[in-house]
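Bear in mind that the values here come from a model prediction, so they are computed numbers and not experimental data.
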Amino acid sequence: MMLTTLGLMSGTSLDGVDVALIETDGKHLKAFGPSGYRPYSPAERNLLRQALSEAVHLQQRDARPGILAEAERAVTRAHAEAVAAFLAQNRMRAEDIDIVGFHGQTVLHRPERRLTVQIGDAPALVRAIHIPVMHDFRAADVEAGGQGAPLVPVYHRALAHSLEREGPIVVVNIGGVSNITYIDGNDTLIACDTGPGNALLDDFMYRTMNKAFDAEGKFAALGKVDEAWIARALELPFFTSPPPKSLDRNDFAVLKLGEVAPADGAATLTAFTAAAIARVIPLLPRRPRSWIVCGGGARNLTMLRMLRERVGSATVEAAETLGWASDAIEAQAFGFLAARGLKGLPLSYPTTTGVPMPMTGGVIARP
């Protein structure tokens with residue numbers, strides 16, 4: 001049975017809430033619907049940055065001390081407003097949606113401690129939007145010993161199969177953290193985080209230029225890359241660990257550039273993201289033939305150029321060029337995962353998160 005699902009995603013880049021509608025049975029994609037976006041205000045973004053700092057000390061996944069309670073209310077309110085605006089803009093009613101996939105905002109991801117924390121109050125969201133909500137997608141995987149991330153690979157596979165091109169294909173999502181899905185036919189699905197996405201660069205731009213991000217990579221294009229710094233950074237054990245593996249947004253915050261010109265810093269951090277993605281190639285079964293880039297990094301032309309320079313003869317293309325809605329893919333994915341969760345289908349696999357066996361997940365909150 002096909003379902004009309006609405007996926008919601010607020011990623012590690014802390015930019016806002018993406019909304020996307022799809023029709024799916026959790027295995028196949030029947031149709032793509034419209035998408036929407038509700039940006040976080042500067043005050044909300046600052047609140048979430050504070051929440052990230054305070055969440056480092058969390059020991060229990062349901063604890064909301066201090067600023068975290070306020071941040072959770074803000075996240076829930078922003079998602080409710082995003083859904084209301086989407087329905088109004090597209091002249092839809094709550095009854096037109098079968099299920100909402102609500103990821104929430106990750107503030108801590110420590111799978112080695114079997115702990116992952118996404119803030120967002122699903123029952124409160126249900127009361128606001130009057131639609132069933134599937135949430136808490138990562139907890140079951142982490143409790144079973146998996147990394148809890150990435151969860152999007154099953155959706156990437158559904159998208160890639162529609163291309164009918166020879167593999168291996170790698171779908172790269174460059175959000176706050178970068179992750180890849182390696183797809184080779186029907187049987188081989190491998191996924192992992194590869195390293196920083198936009199997080200280090202965004203934080204650097206905010207700190208040095210008071211800008212949220214480097215639009216189209218124009219600033220990095222003016223700078224000189226410090227290849228020696230990148231080589232040292234790539235010596236961290238994470239980069240030689242085989243998939244599956246995952247990261248917290250702040251895992252590379254310890255890396256310091258030192259005193260550098262802002263353009264050189266932006267260029268180096270952009271190149272570091274590209275180099276970290278390419279560093280996964282030796283860890284894959286076969287060298288990829290094509291790389292498809294989605295997420296915020298797909299709009300960074302300098303990042304795309306730097307990735308092309310590091311992956312040899314393989315093609316590198318932005319998801320938009322294939323007709324995919326790059327900005328909406330993660331939101332679409334959580335609509336897809338909500339349908340899979342409703343039907344008890346696996347969300348994660350041993351080769352995507354390291355979980356011992358294929359795992360379903362998600363918790364449903366109903367009006």
(request) Can you establish whether the number of heavy atoms outside F213 located under 6.0 Å from its atom CZ is more than 12? (result)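 Result for CZ/F213: open.
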
(message) For W291, give me all partners under ring-ring contact (aromatic ring centres under 6.0 Å, His included), at least two apart in sequence or on another chain.
(response)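 Applying ring-ring contact (aromatic ring centres under 6.0 Å, His included) to W291 gives none.
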
(request) Check ring-ring contact (aromatic ring centres under 6.0 Å, His included) between F334 and all other residues, then give those that pass, not counting sequence neighbours. (result)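 Applying ring-ring contact (aromatic ring centres under 6.0 Å, His included) to F334 gives H103, F137.
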
(request) Check E112, R138, Q147, R110 against S246 for a side chain to side chain donor-acceptor pair (under 3.5 Å) and give me the one that passes. (result)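 Of E112, R138, Q147, R110, side chain to side chain donor-acceptor pair (under 3.5 Å) with S246 is met by Q147 alone.
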
(message) Could you check whether any side-chain N or O of T76 sits under 3.5 Å from a backbone N or O of E72, counting only pairs where one atom can act as donor and the other as acceptor?
(response)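 Flag set: sc T76 to bb E72 pair under 3.5 Å.
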
(request) Spell out, as yes or no, whether a donor-acceptor pair under 3.5 Å connects the side chain of D214 to the backbone of F219. (result)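 Side chain of D214 to backbone of F219: a pair is present.
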
N/O donor-acceptor pairs under 3.5 Å from side chains in residues 271-284, not counting sequence neighbours:
residue: T273; atom: OG1; partner: P196; partner atom: O; Å: 3.4
residue: T273; atom: OG1; partner: G197; partner atom: O; Å: 2.7
residue: T273; atom: OG1; partner: L269; partner atom: O; Å: 3.4

(request) Please indicate whether E95 has more than 12 foreign heavy atoms, meaning atoms of other residues, nucleotides or ligands, lying under 6.0 Å from its CD. (result)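 Yes.
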
(message) Pair D202, R207 - check salt bridge (charged side-chain N to carboxylate O under 4.0 Å, His left out), show working.
(response) CA-CA 9 Å; D202 289 352; R207 193 167 60 248; over 6 Å; no

(request) Indicate yes or no for a side-chain donor-acceptor contact from T268 to the backbone of G265 under 3.5 Å, with no hydrogens or angles considered. (result)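 Checked: no pair found.
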
(request) Please determine if R165 and E317 form a salt bridge, counting it only when a charged side-chain N lies under 4.0 Å from a carboxylate O. (result)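 Here R165 pairs with E317 in a salt bridge, since their nearest N and O are under 4.0 Å apart.
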
(request) Could you point out which residue of T353, T352, T360 forms a side chain to side chain donor-acceptor pair (under 3.5 Å) with D141? (result)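 Per the side chain to side chain donor-acceptor pair (under 3.5 Å) rule, the option paired with D141 is T353, out of T353, T352, T360.
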
(request) Would you mind checking if R61 and D136 are paired as a salt bridge, meaning a charged N to carboxylate O distance below 4.0 Å? (result)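 R61 and D136: salt-bridged.
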
